[in-house]
Amino acid sequence: GAVVSQHPSWVICKSGTSVKIECRSLDFQATTMFWYRQFPKQSLMLMATSNEGSKATYEQGVEKDKFLINHASLTLSTLTVTSAHPEDSSFYICSAPRDSEYNSPLHFGNGTRLTVT
Amino acid sequence: RKEVEQDPGPFNVPEGATVAFNCTYSNSASQSFFWYRQDCRKEPKLLMSVYSSGNEDGRFTAQLNRASQYISLLIRDSKLSDSATYLCAVKSTGGFKTIFGAGTRLFVKA
């Protein structure tokens, strides 16, 4: 069964509004979670690393003030897309390794398809 | 140069065929390697980890060549249900970031 849960699965919003996406680890504690974005027919692009109890680490080119990440507990990370624009429309997917071992693979949430009109 | 590169695809094969995908990575210090499967408009799902000695899971075989910095995935006796995009993933040292290749689309036809 799923080990990472993401909500909502899809959202449609108007330009200028903010959207919050939640990512939960279901039966394990995740001190680190990863947020990816995927445009149609393109690869997964890492946006940021979410760290429990500390600031997120953003990849080059990702605006930290636009994509707010909060990882307030060991089982929940949230991504807020602020002042959304149509070009932010994408598939956002969170993931977490089940443990801290270096060879532990990522498990993904079911993703959030965001459409900004 | 991209950190992780894959065969562009798409691969169109008949049922029962054997198909192989390759993936190269640029960071020689990479430690962990994986293959994921992604169906259309879905999240990626782990297919298998790739171990140094190579490993097999049913019809799927993964190989790692550290000297040449590439990993491969072999699918034997292809099924219609194998149609998907296959992503290779490489985990870097420090920070545990996982970088994905662009994916290779596979179409298995009856």
Side-chain angles (χ1 to χ4, degrees), chain A residues 1-10 21 23 30-52 54-60 62 89-115, chain B residues 2-10 21 23-25 27 29-53 55 57 62 64 66 71 73 84-107:
Chain A
V3 297
V4 176
S5 173
Q6 189 172 339
H7 178 80
S9 295
W10 59 270
I21 303 170
C23 180
T31 55
T32 304
M33 290 184 175
F34 300 89
W35 287 95
Y36 288 83
R37 179 168 57 181
Q38 187 177 37
F39 291 105
K41 299 186 178 180
Q42 294 188 27
S43 184
L44 293 160
M45 296 302 297
L46 180 63
M47 298 177 66
T49 302
S50 174
N51 304 298
E52 188 270 334
S54 65
K55 291 182 179 180
T57 306
Y58 290 82
E59 294 300 301
Q60 191 172 12
V62 179
S89 298
S90 188
F91 190 45
Y92 293 84
I93 324 174
C94 71
S95 64
R98 202 181 181 94
D99 55 55
S100 59
E101 293 297 319
Y102 75 91
N103 58 354
S104 183
L106 293 178
H107 295 275
F108 285 87
N110 55 309
T112 298
R113 196 160 300 278
L114 171 63
T115 302
Chain B
K2 293 181 181 178
E3 287 190 64
V4 181
E5 296 200 71
Q6 291 187 240
D7 286 343
F21 303 139
C23 171
T24 59
Y25 59 95
N27 186 348
S30 298
Q31 290 192 327
S32 306
F33 310 88
F34 311 93
W35 283 101
Y36 283 80
R37 170 197 170 122
Q38 185 175 26
D39 292 292
C40 190
R41 299 177 71 82
K42 298 285 189 180
E43 77 278 15
K45 292 187 185 295
L46 179 68
L47 183 62
M48 58 197 303
S49 299
V50 186
Y51 302 122
S52 296
S53 56
N55 49 299
D57 183 1
L64 168 63
R66 284 190 185 273
I71 63 175
L73 176 68
T85 297
Y86 290 83
L87 305 167
C88 69
V90 176
K91 202 172 193 181
S92 65
T93 55
F96 299 106
K97 291 197 298 185
T98 302
I99 306 300
F100 286 81
T104 301
R105 293 199 72 181
L106 172 66
F107 295 98

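Computed from a predicted model, the values in this text were never measured in an experiment.
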Could you walk me through whether B/Phe100 and A/Phe108 pass the ring-ring contact (aromatic ring centres under 6.0 Å, His included) test, one step at a time? CA-CA 13 Å; B/Phe100 286 81; A/Phe108 285 87; 5.7 Å; yes
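- Interface remark: B/Phe34 contributes side-chain atoms only to the contact with chain A (heavy atom separation under 4.5 Å).
- Residue B/Gln38 touches chain A through its side chain alone, counting heavy-atom pairs closer than 4.5 Å.
- Under the side-chain hydrogen bond (donor to acceptor under 3.5 Å, both in side chains) criterion, A/Trp35 pairs with A/Ser77, sequence neighbours left out.
- For the atom pair CG of B/Leu87 and CD of A/Gln38, the computed distance is 7.0 Å after rounding to the nearest 0.5 Å.
- If you measure heavy-atom distances from A/Ile93 to chain B, the contacts under 4.5 Å come from the side chain alone.
- The residue from B/Trp35, B/Phe33, B/Tyr36 that alone fulfils the side-chain contact (heavy atoms from CB on, under 4.5 Å) condition with A/Pro105 is B/Tyr36.
- Judged by distance alone, with hydrogens and angles left aside, the side-chain atoms of B/Lys91 form a donor-acceptor pair with the main-chain N or O of A/Ser104 at under 3.5 Å.
- Your options are B/Lys42, B/Arg41, B/Arg105, and the one with the most heavy-atom pairs under 4.5 Å with chain A is B/Arg41.
- Atom-to-atom distance recorded for B/Glu43:CD and A/His107:NE2 is 12.0 Å, nearest 0.5 angstrom.
- The shortest non-hydrogen separation linking A/Ser43 to B/Gly101 is OG-O, 2.5 Å.
- The candidate with the highest count of non-hydrogen atom pairs below 4.5 Å against chain A, out of B/Ala102, B/Ser49, B/Gly103, B/Pro44, is B/Pro44.
- Taking the side-chain hydrogen bond (donor to acceptor under 3.5 Å, both in side chains) definition, one finds that A/Thr112 meets it with A/Gln6, sequence neighbours left out.
- Between B/Lys97 and the options A/Leu106, A/Thr57, A/Leu46, a side-chain contact (heavy atoms from CB on, under 4.5 Å) holds for only A/Leu46.
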